[in-house]
Amino acid sequence: MSKIGFVGLGIMGKPMSRNLLKAGHSLVVYDVVPGPLAELTEAGATRGESARDTAAKSDVIITMLPDGPDVEAAVLGAGGVLEGARAGSIVVDMSSINPTVSQKVGAACAAKGVEFLDAPVSGGEPKAIDGTLAIMVGGKQEIFDKVSPILQKLGSSVTLTGPVGAGNVTKLANQIMVACNIAAMGEALVLATRAGLDPEVVFNAVKGGLAGSTVLNAKAPMVISRNFKPGFRIRLHQKDLRNALLAAESMKVSLPFTALVQQMLMSLMNEGKGDLDHSAIVNFIESMAGIEVKKSIAATA
Ligand code: NAD
């Protein structure tokens, strides 16, 4: 079995590491924060002294970090993965980042004879815990085939979507659809509530039709019950849409809806709502209408 290094033990990386340990892999872990490192070493992992040390002790090095600059620092920076990685080893970056950064990091790895895949995930903490993430991968087929058995311990769907960068393009496509879907749902439910209807009745009436979606089923009940506990945070979705717009600009593609929702997310962050669930995109539309999506007194009477 391959020796695996894991760098970045946050909300996602910690349960993913635990699943690799449970599957019997020998694991070296590293994070700049000591708390999760101690938890993972107690669970049986070896503590890496740095990203470089972690890579030097591993055949496959997984990174799960917040954004592109963090991946560049941890992989390409001083004391980083590339200083320790042996030729022939494989770096799998599972962070959600700008695909052009994936390509830059992939090229730097290739120059050292190190293989690289970008493999961002969808599903959030519950699916990271259950090992049922959706994993979207960019890279060479033969490297994907080598790493696939490891990724299958972390996710129930593991798909190669193209060359390096394709995993993150797919993830950005996913994030565009989710964000715009929540915003559209917000406009629909604000209108229905303003008209004096019970939003829950409207939700139940439409969910089986063409407007029905996984997003609607997951997020409408949260909005109606005024539960904005994350889930997936506003600030992370803002980061993803910013990366989508940066990637789109580099390809001369205009994404008007994405730009609009990205502005809503930014405004919500400035209101101190960055750590609410992304279903709180609806709050932006509510504030423009001066109404909250919940049962009206008329509807409950
Ligand atoms: P997080 O902030 O909880 O964890 C990131 C971890 O990386 C932290 O523990 C941090 O200390 C560590 N770190 C940062 N820089 C480092 C460095 N240079 N070296 C070593 N460790 C470093 O983030 P998360 O929620 O686990 O998300 C990770 C990635 O997964 C993000 O790109 C995010 O967009 C994506 N994602 C998150 C979710 C979710 O629901 N949280 C869902 C899908 C995808």
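Just so you know, ligand 1 is whichever comes first in the structure, and atom 1 is the first atom listed for that ligand. Just so you know, these numbers come straight off a predicted model, no measurement behind them.
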Can you pull every nitrogen or oxygen pair between ligand 1 and the protein closer than 3.5 angstrom?
unit_1	atom_1	unit_2	atom_2	d
ligand 1	3 (O)	I11	N	2.9
ligand 1	9 (O)	D31	OD1	3.4
ligand 1	9 (O)	D31	OD2	2.7
ligand 1	11 (O)	D31	OD1	2.6
ligand 1	26 (O)	I11	N	3.3
ligand 1	26 (O)	M12	N	2.9
ligand 1	32 (O)	L65	O	3.1
ligand 1	32 (O)	P66	O	2.8
ligand 1	32 (O)	S96	N	3.0
ligand 1	32 (O)	K239	NZ	3.2
ligand 1	34 (O)	K239	NZ	2.8

Hydrophobic cluster partners of L236 (side-chain heavy atoms under 4.5 Å)
F232

side-chain contact (heavy atoms from CB on, under 4.5 Å) with S96: which of K239, M12, Q175?
K239

Paired with M94, the side-chain contact (heavy atoms from CB on, under 4.5 Å) test is passed by just one of L151, L133, D118, namely L151

For D70, all residues meeting salt bridge (charged side-chain N to carboxylate O under 4.0 Å, His left out), sequence neighbours excluded
none

Hey, could you give me each pair passing salt bridge (Lys or Arg N to Asp or Glu O under 4.0 Å) that has a residue in residues 15-32? Not counting sequence neighbours.
R18-E39

Taking atom types as modelled, is there a side-chain donor on T100 or S250 under 3.5 Å from an acceptor on the other?
no

